[in-house]
Amino acid sequence: MSNSRISSKKELPKAYIASEVEDELYVRWEKSGAFAPHGTGEPYAIMMPPPNVTGILHIGHVLEQALMDTKIRFERMRGKRALLLPGTDHAAVATQARVEKDLIAAGHANPRKEFGRDKLLEIIRKYAEKNKSTMLSQIRMLGTSCDWSRLAYTLDEKRSAAVVTMFKKMYDDGFIYRGYRVVNWSVVGQSTCSDDELVHIERKATVYTFKYSKDFPIPIATTRPETKLGDTAVAVHPDDKRYKQYVGNTFTVDVGAAKPLLLKVIADKAVDPKFGTGAVGVTPAHSMIDFELQEKHGLELIPVIGKDGKMTAEAGTAYAGLIAVEAREKFVAWLKKEKLLIKEEEISQNVATSDRFGDVIEALPMRQWFVAVQKEIPGRGKTLKDLMREAGEKIEIQPERYKKLYYQWIDNLRDWCISRQVWWGHRIPVWYRETNSKFQIPNSNADLYIDSNPPENNGWVQDPDTLDTWFSSGLWTFSTLGWPEKTDDLKTFYPTAWMTMGYEILFFWMARMILMSEYALKEIPFKQVYIHGILRDSEGKKFSKSLRNTIDPLVLTKKYGTDALRLALLAGNTPGNDSSFNEERVQHYQHFVNKLWNISRYVLMQIPDFKIVLKAPKPSTIADGWVLQQWSKTLAYVTNKLERAEFSQAATMLYTFTWEDLADWYIEVAKIESRQIIQEKKAKDAILQYILPQLLKALHPFIPFASEAIWGSLSSGELLISEQWPVAGKVGDVKGHDTFEEIKKKTTAIRQMRSEMKIPQHQKIDVKTGLPFVQYKAVVESLTNSTMTITDDVMPVVEAVSTLTDSKRKELEVYIKSIESKLANKEFTKKAPKSVVDAEKKKLADARAKLGR
RNA sequence: GGGAAUGUAGCUCAGUUGGUUAGAGCGUCACAUUGACAUUGAGAAGGUCAGAGGUUCGACUCCUCUCAUUCCCACCA
């Protein structure tokens, strides 16, 4: 009775059913306090890239969660004070755009007008809260071991306070300014967007070449004739002989705008004399480039298109109120009538569209808030761009090629427009003194007050705009640690250790985190960044709702287990590269998890009184020695790969060891040998009791649930999550160059020989007397042309004589000679770094060993 | 226009210091089986490692060029 009770405690069910254990295990981990950083080890923090509340987690998030969690579990087990801090992002424009789209689809033609600010915000807030709670439960489901006590949200009270503090600091230092500049305007979204929020799409357009008037000497080419109603200059290259005579002159032309246009001919090197007519009609109000020319040359600025995408009064009575396309047709018709149109041709051109609202962006001059990136910081003599560049050198980016991209982005960076005309987000903490009941936001910056609340109860009006969502995301690495307060967390964990993100938000997010962190804390936000690729479907397409190819992670985890899903995503995924997701892989890794389960099950059946062995036991057979040696190598490799965040290689190695080395080889051989070797069963048991627990530890970062579930049957003590990372036991100096393949071949050969020689399966072989073993040994030696010895101390040694072909042998001999001559060269040994010389020596030794020397 | 990545078995992908016979999963074909596991085991077929040239004793790996695919940045007004 008591026996069966004990055995039932240890016995595992026949198959691993993930869904039956996962939830319970997560709760146990959380209750144990393992998720919170503890101990006195080196601090190691990872800030979770906060998923947007625009939706719920998709398969791409699972990859990200798996990367972070694997890393943090590993570091935690190594004794670091590990913190993975969870959170979510309000995703200002994206969320509002999403909700508005739904509302419009539900019949509310103009949600902003219909509901008003407060009501619409409430609708968005509910939507966000719903997604947020779904996402948080998804994160739990994925096994992410994050510290929930530090949960953050970009729009919560603490993060909002950080935003206000940062805004104020930057304003006081002169980095945030309010300026009248040309910005990207989405007519559909009725909001600005930053340069990075544009998506360029290629489309056909017509280039019209025309003259402003019959006597105007310079022909102009344009794809947007309607904007020409607002031209204030014509720019040519300073060296262009055709037009040099006109530079400095001002022409008056009447093209039908409200007032005749005064066109100044200016010279600027930005103009390409070889392109088009070699002259540019400068429309400062509706082109970024032209706006820069305007600033440089002090030109006039005439807005002819308004926020509604329609022509303004400035465009003249003939055009005012028309949408741009209509105005274009009308203007071209007029040009034709006046015989000013020289030619029309079709070209393909890239136009900027809003990534959230989808419409073509208008460049409009507006009064907005900006972050100055080219201005020197008082006392530091550097611009924000400089800081970002310098920080780039201190941060390790994996893969390295993204660093180049980052620098390229900095070089092209213009002042960052941070104000948005949507309502969802951090409202700009700027107050204007109310002067009368018909108050309008003033153009001047006098009487501004910056804080989350006005200085007095009455008489102040807050700026209606909100901040670009990346402003708050940029603070993420430190706002989550309590900044601006000088918290212990900030002192302990900053700069954070590691961060992962997709390459598509490199500029949006990474760059801005670096900017904000360098500016506010004079520190890099993180030491290492791991850039992951995008997961695509089996046809190589992006997952998207419109393509209806999205996969619910929940369905996959229920079907195959979270561990299988995590492993499938990590194994075979390399940093920075996209990868295709296919379900077969998940299924395969489910099989793997089950295999591990059954290995453990078998081991427990063989060893009913299983006790964890900590010290590497003494091997007594070749198989023992081999498996110990192999495990030692595997563990060292895996540890190294995890340190360097090379997850795929670590996972693959563990996979191979578990399935091939341990299950297919060692345990299979053990089955045979256990029938032969009576007195060594204890030694074999000890090896399994040593390796299996270590293997579970090493696998835990990848497959936390299954490893923990099995661990529960091996040990009645601590949870696996809190165990120490194993250290490879000392193995004897192992000579020889057997690979797994070689050993496997030998084993197969032995099996064959045994059956040919009719050595009964159950014949007992006693190692100590050596008698039957001699036969065994002889068989191996004759088959593999090797000598086999078992040493007393630690490991058995198999000294394989290489079975090289003559041609290969010759090749190697030449190779050896080449290294020898290289080493004999004094120039080389003197000038080359020591590591290189040592490497050459090692190569030589290896090559010699291969030849059996 | 500038830059980057990718091209390895039918499919999805590994392969970091250049070195023995280029790997895995899935798929295909045939074989085995009764107590860990059919979510199994042992095996086979399938590759001019995109192409050409170069460096080297030796190149999937390094260099150059070409082709194909994809992406990023800038933008022509």
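Convention: sequence-line order gives letters A, B, ...; per-chain numbering from 1. Everything quoted here is computed from the prediction, not taken from an experiment.
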Review point. Short question: side chain of E295(A), backbone of E292(A) - any donor-acceptor pair under 3.5 Å?
Key: no
Point to revise | Proximal nucleotide (of G15(B), G41(B), C72(B)) relative to the W659(A) side chain | key: G41(B)
Check your understanding: G25(B) and U21(B): how far apart are their P atoms, nearest whole angstrom?
Key -> 22 Å
Practice item. Could you work out which one of C75(B), C37(B), A77(B) sits closest to the side chain of N350(A)? Key: C75(B)
Practice item. Rounded to whole angstrom, note down the C1' distance from A9(B) over to C29(B). Key: 15 Å
Revision key, fill the gap. Sorted by chain and residue number, the side chain to side chain donor-acceptor pair (under 3.5 Å) partners of Q398(A) (sequence neighbours excluded) come out as none
Practice item. Would you check, one step at a time, whether the test salt bridge (charged side-chain N to carboxylate O under 4.0 Å, His left out) holds for R644(A) with E396(A)? Key: CA-CA 11 Å; R644(A) 295 160 57 176; E396(A) 198 181 303; over 6 Å; no
Exercise for review: Have a look at I220(A) and say if it touches a base, only the backbone sugar-phosphate, or nothing, with a 4.0 Å heavy-atom cut-off.
Suggested key: nothing
Check your understanding: Which residues in residues 558-566 of chain A have at least one heavy atom lying under 4.0 Å from any atom of RNA chain B?
Key -> none
Practice item. In whole angstrom, give me the gap between the C1' atoms of G18(B) and U56(B). Key: 9 Å
Exercise for review: Would you indicate which nucleotide in A36(B), A77(B), C73(B) comes nearest to any side-chain atom of M605(A)?
Suggested key: A36(B)
Practice item. For nucleotides U64(B) and U55(B), find the distance between their P atoms and express it as a whole number of Å. Key: 15 Å
**Study point:** Under 3.5 Å donor-acceptor, W597(A) side chain and I17(A) backbone
**Key:** no
Exercise for review: Give the rounded distance in Å between these two atoms: CG of D195(A) and P of A74(B).
Suggested key: 7 Å
Check your understanding: Taking atom C1' of C71(B) as reference, at what distance in whole Å does atom OH of Y406(A) sit?
Key -> 21 Å
Check your understanding: Should the ring pair W409(A) and F507(A) be called parallel, tilted or perpendicular, given that the plane angle runs from 0 to 90° and is split at 30 and 60?
Key -> parallel
Revision key, fill the gap. Picking from A36(B), C73(B), C37(B), the nucleotide nearest the side-chain atoms of Y602(A) would be A36(B)
Check nucleotides 22-26 of chain B for protein N or O atoms closer than 3.5 Å to its own N or O atoms and list the pairs.
residue	atom	partner	partner atom	Å
G25(B)	O3'	H588(A)	ND1	3.1

Study note, to complete from the structure: Among A77(B), U40(B), A74(B), the one nearest any side-chain atom of K595(A) is U40(B)
Review point. In whole angstroms, how far is the P atom of C72(B) from the CZ atom of R401(A)?
Key: 13 Å
Check your understanding: Tell me: CG of L569(A) to C1' of A14(B), nearest whole Å?
Key -> 16 Å
Review point. So, is T223(A) close to the A77(B) phosphate, meaning a side-chain N or O under 4.0 Å from OP1 or OP2?
Key: yes
Point to revise | Non-neighbouring partners of K264(A) that pass salt bridge (charged side-chain N to carboxylate O under 4.0 Å, His left out), sequence neighbours left out | key: none
Review point. Which distance, rounded to the nearest 0.5 Å, do you find between the CG of L569(A) and the CD1 of I59(A)?
Key: 5.5 Å
Exercise for review: In sequence, state the C-alpha distance, the side-chain angles, and the governing distance for H532(A) and F647(A), and then conclude on ring pair (Phe, Tyr, Trp, His ring centres under 6.0 Å).
Suggested key: CA-CA 11 Å; H532(A) 62 75; F647(A) 301 101; over 10 Å; no
Exercise for review: For C49(B) versus G7(B), give the span between their P atoms, rounded off to a whole number of Å.
Suggested key: 14 Å
Check your understanding: When the distance from CD1 of I218(A) to P of A77(B) is rounded to whole Å, what number comes out?
Key -> 19 Å
Exercise for review: For the pair D268(A) (side chain) and V236(A) (backbone), establish whether a donor and an acceptor sit closer than 3.5 Å, ignoring hydrogens and angles.
Suggested key: no
Review point. How far does the P atom of A5(B) sit from the matching atom of C62(B), given to the nearest Å?
Key: 11 Å
**Study point:** For atom NE2 of H237(A) and atom P of A77(B), their distance in whole Å
**Key:** 18 Å
Point to revise | Separation between the C1' atoms of U40(B) and U33(B), rounded to whole Å | key: 9 Å
**Study point:** Backbone N/O of A363(A) and side chain of H286(A): donor-acceptor pair under 3.5 Å
**Key:** yes
Check your understanding: Between atom CZ in R414(A) and atom P in C75(B), what is the gap in whole Å?
Key -> 5 Å
Check your understanding: Nearest of A4(B), A77(B), C72(B) to any side-chain atom of F507(A)?
Key -> C72(B)
Review point. Taking the C1' atom of each, how far is A50(B) from U69(B), in whole Å?
Key: 11 Å
Study note, to complete from the structure: From the list R585(A), E583(A), Q590(A), side chain to side chain donor-acceptor pair (under 3.5 Å) partner of Y560(A) resolves to E583(A)
Check your understanding: If we ignore angles and hydrogens, is there a donor and acceptor under 3.5 Å between the side chains of Q649(A) and T652(A)?
Key -> no
Check your understanding: To the side chain of H200(A), which of C75(B), G2(B), U40(B) is closest?
Key -> C75(B)
Check your understanding: N577(A) has an atom CG; how far is it from atom P of U16(B), in whole Å?
Key -> 13 Å
Review point. Within less than 4.0 Å of OP1 or OP2 of C13(B), is there a side-chain N or O belonging to S580(A)?
Key: yes
Exercise for review: Would you classify S287(A) as touching base, sugar-phosphate or nothing, given that sugar-phosphate means primed atoms plus P, OP1 and OP2, and contacts are heavy atoms under 4.0 Å?
Suggested key: nothing
Revision key, fill the gap. Stems field, RNA chain B, Watson-Crick or wobble, 3.5 Å, at least 3 pairs, by first number, holds B:1-7 with B:67-73, B:10-13 with B:23-26, B:50-54 with B:62-66
Practice item. Have a look at S600(A) and say if it touches a base, only the backbone sugar-phosphate, or nothing, with a 4.0 Å heavy-atom cut-off. Key: nothing
Review point. Touch check for N412(A), heavy atoms < 4.0 angstrom, all strands: base, sugar-phosphate only, or nothing?
Key: sugar-phosphate
Practice item. Could you work out which one of C72(B), C13(B), G15(B) sits closest to the side chain of Q649(A)? Key: G15(B)
Practice item. Give the nucleotide from the list C75(B), C37(B), A77(B) with an atom nearest to the side chain of R601(A). Key: C37(B)
Check your understanding: Taking OP1 and OP2 of A4(B), is either one under 4.0 Å from a side-chain nitrogen or oxygen of K404(A)?
Key -> yes
Exercise for review: Please test F331(A) against L335(A) for side chain to side chain contact (heavy atoms under 4.5 Å, CB included), starting from the C-alpha separation and ending with a verdict.
Suggested key: CA-CA 6 Å; F331(A) 186 66; L335(A) 286 173; 3.8 Å; yes
Review point. Between the side chain of K595(A) and the main-chain N/O of W659(A), is any donor-acceptor distance below 3.5 Å?
Key: no
Exercise for review: Side chain of E646(A) only, please: which of U16(B), A4(B), U40(B) is the nearest?
Suggested key: U16(B)
Review point. What residues form a ring-ring contact (aromatic ring centres under 6.0 Å, His included) with W711(A), not counting sequence neighbours?
Key: none
